[in-house]
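These notes are about the structure you will find just below.
The basis for the numbers below is simple: all heavy atoms, side chains too, and nothing from hydrogens, waters or symmetry mates. Below, read A as the first sequence line, B as the second, and so on, with proteins coming before strands; counting in each chain starts at 1.
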There are 2 protein chains.
Amino acid sequence: MSDTYHHGNLREALIEEGIRIINESGEDALSLRKVASACNVSHAAPYAHFKDKDELIEAIKESVTEQLMAEMEDAVKAAANSETAIVGMGKRYVSFFRGNPDYFKFLFGRQNITAHLRIDEKGDDDYPPFVLLKETYLKYLKENGIKKSRKKKEVELLKIWASAHGLAAIACMSGVIPSFDWDEMLEGDDLLR
Amino acid sequence: MSDTYHHGNLREALIEEGIRIINESGEDALSLRKVASACNVSHAAPYAHFKDKDELIEAIKESVTEQLMAEMEDAVKAAANSETAIVGMGKRYVSFFRGNPDYFKFLFGRQNITAHLRIDEKGDDDYPPFVLLKETYLKYLKENGIKKSRKKKEVELLKIWASAHGLAAIACMSGVIPSFDWDEMLEGDDLLR
DNA sequence: TGCCAAAACTTGACAGCGTAAAGATTGATG
DNA sequence: CATCAATCTTTACGCTGTCAAGTTTTGGCA
């Protein structure tokens, strides 16, 4: 078959099939050999386009990130000013990943934390650090006689939790940026209240 | 050797060696066979204690989480009141993972985001969504003629970034908690400003 | 005490994986 | 038309997780 020996667009096809497999079965199911055979190509063919599996995965991540960027740029255009643009971007960022949880797991990890965010509920397998934070927050409200609606409480709890978890994610999973002084950032309490 | 055929404490030994390997070479280097041979035991011996590799990994995660919990509980005890306890826990949470980045990667993912948090710097391979957020934030400051110290700007930027990223992490990587209404939470702007 | 079932561990085997080397096929270029 | 580089196939290797069957040890019961 003269028209299939040279695939013509194998690089893009591999990325596409890779994304499809991740969406259908998660990252663990992604193997070079499966992607190759999904493209009707031998298991070693990808090596003409990618140095190794990591390079294919990197290309897939770039492709997914481009989709996310398109959404965020859209939010910026739709915003009346920069301030609302920031909030809009944040919302798009969160909702993009909420609509594609497998993408987030693929880009950033594979753990499934369980945490009952609802104030009046709890689960046996809740992530212990979160449970501790939640209990302490409720105690804080009680001690100081603070009355808030359920929603307000949950929002506030979630904000604290997201700040800490997000900061840890950024601090630990960022490449080395030597000039940034984390200790200086953390010495005050601004970041966490 | 009657005293080594039955290891006596293989389960704990496997967990310990697993943690050691992760600390030394990262999660990718963790294989059942390596952990087993590090315990001077055949490659199938772990199956007497763990159903499969995932179950060993789960046990290792539990062990690491216990270490983290000990630190957080320490912070609670050291705090004068619940309010400072919250801030203290957040700090411990972040600093625990900063001191053990491999633990965070192991627990939550394997991605290395690159993002120049310093206002006056940038890198070619910065995570695009972060770059967009940063640029928009700087534009917002300029448009409104807001003057702040470098540090204040960086703190504020980091807070916004951490909120969004942390929320996405929580929203996407949490187990299903049916009664929690994410849409209700996200419909207002409280969470992101 | 002696025995026996269950627990702990070994050995051997299998399919799937990533990857390297060598050869076949193709399209483009001179 | 000849040639060469790019692309793809074939073959092979070691490593992996897992299973099945056999061996050793332990603990408890007759």
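- Here A/Y47 does not reach the OP1 or OP2 of D/dC8: none of its side-chain N or O atoms lies under 4.0 Å away.
- Within a heavy-atom distance below 4.0 Å of DNA chain D, no residue of residues 14-24 of chain B is found.
- Shown here are the salt bridge (charged side-chain N to carboxylate O under 4.0 Å, His left out) partners of A/K148, two or more places apart in sequence or in another chain: A/E156.
- Take B/Y47 and apply the side chain to side chain donor-acceptor pair (under 3.5 Å) test, not counting sequence neighbours, and it matches no residue.
- The salt bridge (charged side-chain N to carboxylate O under 4.0 Å, His left out) search around B/D52 returns none, not counting sequence neighbours.
- Distance from the side chain of B/H49 is smallest for C/dA8 among the nucleotides C/dT19, C/dA8, D/dT10.
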Please tabulate the protein-to-nucleotide N/O contacts below 3.5 Å involving nucleotides 12-16 of chain C, giving atom names and distances.
residue, atom, partner, partner atom, Å
C/dG12, O6, B/H43, NE2, 2.7

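- With sequence neighbours excluded, the residues satisfying side chain to side chain contact (heavy atoms under 4.5 Å, CB included) with B/S63 are B/I15, B/I19.
- For the side chain to side chain contact (heavy atoms under 4.5 Å, CB included) test, residues two or more places apart in sequence or in another chain that qualify with B/E71 are B/R92, B/F96.
- Residues passing the salt bridge (charged side-chain N to carboxylate O under 4.0 Å, His left out) test with B/E24, sequence neighbours excluded: B/R20.
- Residues meeting the side chain to side chain donor-acceptor pair (under 3.5 Å) test with A/D54, sequence neighbours left out: none.
- The side chain to side chain contact (heavy atoms under 4.5 Å, CB included) search around B/H43 returns B/R33, not counting sequence neighbours.
- Over its length, the helix from C/dT1-D/dA30 to C/dG30-D/dC1 turns its helix axis by 10°, as judged from the five terminal pairs at each end, rounded to 10°.
- The side chain of A/S42 lies closest to D/dT9 when the candidates are D/dT9, D/dT7, C/dT10.
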